[in-house]
A.B. asks: 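Quick one: the structure is below, and I'll ask about it shortly.
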Amino acid sequence: MSDLKRGLSEAVAAAFAAAGLPAELGRVTPSDRPDLADFQCNGALPAAKVAKRDPREIAAEVVANLTGDPRLASVEAAGLGFINMRVSDQALSARAAEIAADPRLGAQAVETARKVMIDYGGPNVAKPMHVGHLRSSIIGESLKRIYRFRGDTVLGDAHFGDWGYQMGLLIGAVTDEDASIAALVEQLNAKGEVSDADEAAAFALFDAKVSLADLDRLYPLAAARGKTEPDYRDRARKLTAELQARRAGYFLLWRHFAKVTKVALERDFHALGVDFDLWKGESDVDELIKPMVEDLEAKGLLVEDQGARIVHVAGPNETKKKKLPDGSVVVVPSPDPLLVVSSEGSAMYGTTDLATILDRKQSFGPDHVLYAVDQRQADHFEIVFRAAYLAGYAEKGSLEHVGFGTMNGTDGKPFKTREGGVLKLNDMIVMTRDKARERLHEAGLGAELDPDTFEDTAHKVAVAALKFADLQNFRGTSYVFDLDRFSSFEGKTGPYLLYQAVRVKSVLRKAQAEGAEPGPIVVAEPAERDLVLLLDAYDQALIDAYDKKAPNFIAEHAYKLAQAFSKFYAACPILSAEPAVKASRLALAQTTLRQLEQALDLLGIAATDRM
RNA sequence: GCGCCCAUAGCUCAACCGGAUAGAGCAUCCGCCUUCUAAGCGGACGGUUGCAGGUUCGAGUCCUGCUGGGCGCGCCA
């Protein structure tokens with residue numbers, strides 16, 4: 001079973017072949033001119049070039065070969081050589097019946113399933129998530145669902161940043177601030193072996209004294225000092241190396257950091273409906289690093305440079321000019337080398353990334369790994385991927401950075417609140433949910449729904465608003481974060497989509513109450529034709545989203561489908577129609593609902609029953 | 001200095017290998033609730049696709065240059 005576009009493409013390809021022209025020119029697309037056609041083929045235009053003939057003549061010949069196709073109500077050559085096709089009502093009705101009978105609602109699975117890992121490039125330990133973190137989690141979540149739905153085996157890994165320099169900074173800052181913690185940490189460090197009782201006592205003290213809010217407050221200060229004060233920085237680096245060497249006191253304190261962060265992250269991710277299959281972090285590959293470094297050394301890839309150890313990843317002719325601090329310009333390899341071991345002996349960002357690639361190869365063996373991470377890290381991933389290919393840790397081309405743009409404020413710079421701080425993701429969710437509650441009361445649903453359902457509905461509306469506002473943008477480009485737009489419920493928004501689903505459900509409930517059943521679909525009205533054409537376009541939207549790793553194709557389809565339904569709803573009465581028409585429209589409405597809910601699910605958006 | 005990305009309606013964004021009249025939403029204005037949920041529907045207004053060249057029968061899309069903006073460039077992640 002295939003969509004109309006594909007079916008027609010085969011027919012048009014055959015018609016081209018019959019005319020002695022390359023069959024691949026028979027590619028059919030939805031028409032740019034809905035007033036003239038449902039589908040079109042532009043193949044006669046390039047054909048004219050190779051065949052040195054008039055495109056209109058070619059189009060006419062292809063049209064002649066197509067005439068009589070039962071699916072087509074009309075087929076004609078138009079304009080400069082376009083082939084316009086209008087699908088018959090019977091063919092649309094038949095296609096609608098196919099989609100209605102299909103658990104996948106007309107969307108096909110991939111031919112060969114792969115094992116895919118999605119790396120969410122997770123947030124860092126000790127920092128609350130702000131609105132900028134929305135993107136990687138919801139894009140990653142949506143891609144995971146899309147890939148899984150297409151038939152791949154997919155694992156999503158949060159991949160937290162929990163093992164680097166920022167941990168050394170925090171250990172320093174926390175012990176500086178509180179003498180009792182500093183004393184306990186020193187004591188544990190000296191002791192080396194830590195008993196269960198020691199551990200419990202330590203966590204009791206840490207729990208009492210160090211919250212996420214403290215870490216959030218201390219980190220920016222420590223980071224700033226690290227930049228300006230070399231001594232402070234060097235101590236943080238040493239602390240990082242000591243943590244990575246698992247000095248008992250530092251390690252316990254670090255485990256506390258990770259714990260308080262995880263509680264907040266779980267709350268935020270859960271609220272967004274984002275689930276990770278793996279809650280791994282950089283620290284999880286720590287034990288792989290030493291053997292990996294030895295392996296890189298054995299393979300002759302690791303070289304000493306300015307006290308650090310690096311892997312060169314540039315090819316022989318890949319160079320760039322670089323300006324040195326003294327103003328002179330030198331030619332250096334490009335891309336930059338991968339820094340594997342710092343001069344303090346600690347693992348770097350790229351080191352843990354490389355070890356993670358190795359870890360995944362051993363544990364899961366993915367055919368493909370997608371990194372849903374900020375576009376700004378493109379160079380970094382290029383370097384890590386090259387190193388992984390050189391070392392044989394991944395098959396060339398199997399690692400892919402699915403970059404996305406940053407979320408900027410209306411001034412074009414990374415988003416800040418009016419007060420100059422970052423807007424925390426949780427605050428954003430709470431704010432939008434409050435607005436959804438207000439709106440539900442206005443609509444008179446406050447009293448009708450029981451409190452739990454009411455709360456659940458408000459939450460779903462809020463999440464739909466936030467996610468759809470982001471996912472409707474192509475992931476690659478930066479966009480402006482506008483609070484009003486993200487918490488808007490009218491127009492091209494998540495709540496609009498939920499609302500259309502709610503209207504269908506309401507009609508279906510009433511139909512059921514009066515004993516009316518969906519029946520055979522018979523397409524007749526223009527609004528019905530348009531709706532079925534949209535239902536038919538689902539497969540292509542899914543293919544585009546999959547191939548381009550871009551959920552906005554699904555978002556666009558869901559919106560257009562909801563819009564087509566809304567027009568159908570306004571133009572075609574359902575319950576008051578005569579029995580056969582009523583049964584047909586009920587079936588159309590039900591099929592639309594199922595596809596809409598499925599598309600929303602692929603975006604990670606949950607539907608509601610009433611709103 | 002070198003490199004990557006971006007520039008489309010007043011605003012925020014789309015646009016399927018280069019194809020007909022570049023589409024949505026918001027905002028503004030005008031209509032539509034005694035019939036299935038008005039978080040809706042219909043209509044109007046709104047464009048020299050940053051600028052200048054080039055390739056092509058045809059360019060928002062490809063190439064070159066320029067302007068403007070964002071980002072990155074080994075011991076943060």
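Just so it is clear: chains get the letters A, B, ... in the order the sequence lines come, proteins before strands, and each one is counted from 1. All of these numbers come straight from a predicted model, not from anything done at the bench.
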A.B. asks: Could you state the atom-to-atom distance from CG of Leu445(A) to P of rU37(B) in whole Å?
C.D. replies: 11 Å

A.B. asks: Regarding Leu36(A), tell me which of base, sugar-phosphate or nothing describes its non-hydrogen contacts under 4.0 Å with the strands shown.
C.D. replies: base

A.B. asks: Both distances under 3.5 Å, Watson-Crick or G-U wobble: report the partner of rG31(B), or none.
C.D. replies: rC41(B)

A.B. asks: According to the interplanar angle, ranging from 0 to 90°, do the rings of Tyr349(A) and His380(A) count as parallel (below 30°), tilted (30 to 60°) or perpendicular (above 60°)?
C.D. replies: parallel

A.B. asks: Looking at the side chain of Arg376(A), which of rG72(B), rA38(B), rC75(B) is the nearest nucleotide?
C.D. replies: rG72(B)

A.B. asks: Given rA39(B), is OP1 or OP2 found less than 4.0 Å from the side-chain N or O atoms of Arg439(A)?
C.D. replies: yes

A.B. asks: Would you indicate which nucleotide in rC73(B), rU37(B), rA14(B) comes nearest to any side-chain atom of Asp336(A)?
C.D. replies: rC73(B)

A.B. asks: Taking 4.0 Å as the cut-off, does a side-chain nitrogen or oxygen of Tyr499(A) come that near to OP1 or OP2 on rA39(B)?
C.D. replies: yes

A.B. asks: Measure from CD on Gln40(A) to P on rC16(B) and round the result to the nearest Å.
C.D. replies: 13 Å

A.B. asks: If you check every side-chain atom of Arg27(A), which of rC41(B), rC16(B), rA14(B) has the closest atom?
C.D. replies: rC16(B)

A.B. asks: Report yes if the distance between the aromatic ring centroids of Tyr219(A) and Phe257(A) is under 6.0 Å, otherwise no.
C.D. replies: no

A.B. asks: Give me the distance, rounded to whole Å, that separates rC6(B) from rG43(B) when you measure between the C1' atoms they each carry.
C.D. replies: 35 Å

A.B. asks: Name the pairing partner of rC17(B), where a pair is Watson-Crick or G-U wobble with both distances under 3.5 Å, or state none.
C.D. replies: none

A.B. asks: When you compare rC73(B) with rA77(B), how far apart are their P atoms, in angstrom units rounded to a whole number?
C.D. replies: 13 Å

A.B. asks: Using only side-chain N and O atoms of Arg309(A), determine if any of them is under 4.0 Å from OP1 or OP2 of rC75(B).
C.D. replies: no

A.B. asks: Taking pairing as Watson-Crick or G-U wobble with both contacts under 3.5 Å, can you name the mate of rG58(B), or confirm there isn't one?
C.D. replies: none

A.B. asks: Between Arg237(A) and rC76(B), does any side-chain N or O lie under 4.0 Å from OP1 or OP2?
C.D. replies: yes

A.B. asks: From CZ of Phe468(A) over to C1' of rC13(B), roughly how many Å is that when rounded to an integer?
C.D. replies: 11 Å

A.B. asks: From the set rU37(B), rA77(B), rA39(B), return the single nucleotide nearest to any side-chain atom of Glu282(A).
C.D. replies: rA77(B)

A.B. asks: Looking at rA27(B), does its base get a donor-acceptor pair with the side chain of Asp484(A) below 3.5 Å?
C.D. replies: no

A.B. asks: Choose from rG40(B), rG25(B), rG58(B) the nucleotide whose nearest atom is closest to any side-chain atom of Lys49(A).
C.D. replies: rG58(B)

A.B. asks: Quick one: look up who rU64(B) pairs with, Watson-Crick or G-U, both distances under 3.5 Å, and put none if it's unpaired.
C.D. replies: rA52(B)

A.B. asks: Could you tell me which nucleotide pairs with rG3(B) by Watson-Crick or G-U wobble geometry, both distances under 3.5 Å, or answer none if nothing does?
C.D. replies: rC71(B)

A.B. asks: Say you pick atom C1' in rU67(B) and the same atom in rU55(B); how far apart are they, in whole Å?
C.D. replies: 23 Å

A.B. asks: Under a 3.5 Å cut-off for both distances, is rG10(B) Watson-Crick or wobble paired, and to whom?
C.D. replies: rC26(B)

A.B. asks: Would you mind classifying the nucleic acid contact of Asp35(A) as base, sugar-phosphate or nothing, using non-hydrogen atoms under 4.0 angstrom?
C.D. replies: base

A.B. asks: Is there a donor and acceptor pair closer than 3.5 Å between the side chain of Ser576(A) and the base of rC36(B)?
C.D. replies: no

A.B. asks: When you measure from the side-chain N and O atoms of Gln375(A) to the phosphate of rC6(B), is any distance below 4.0 Å, counting only OP1 and OP2?
C.D. replies: no

A.B. asks: Taking the side chain of Phe82(A) as its heavy atoms from C-beta onward, which of rG19(B), rU37(B), rA39(B) lies nearest to it?
C.D. replies: rG19(B)

A.B. asks: With respect to the phosphate group of rU37(B), does any side-chain polar atom (N or O) of Lys510(A) fall under 4.0 Å of OP1 or OP2?
C.D. replies: yes

A.B. asks: Could you say whether Ser566(A) or Asn473(A) is positioned toward the 5' end of RNA chain B, judged by the nucleotide with the nearest heavy atom to each?
C.D. replies: Asn473(A)

A.B. asks: Do Asp32(A) and rG19(B) share a donor-acceptor pair, side chain to base, under 3.5 Å?
C.D. replies: no

A.B. asks: Taking atom P of rC17(B) as reference, at what distance in whole Å does atom CD1 of Ile543(A) sit?
C.D. replies: 14 Å

A.B. asks: Pick base, sugar-phosphate or nothing for Pro46(A), based on heavy-atom distances below 4.0 Å to the nucleic acid.
C.D. replies: base

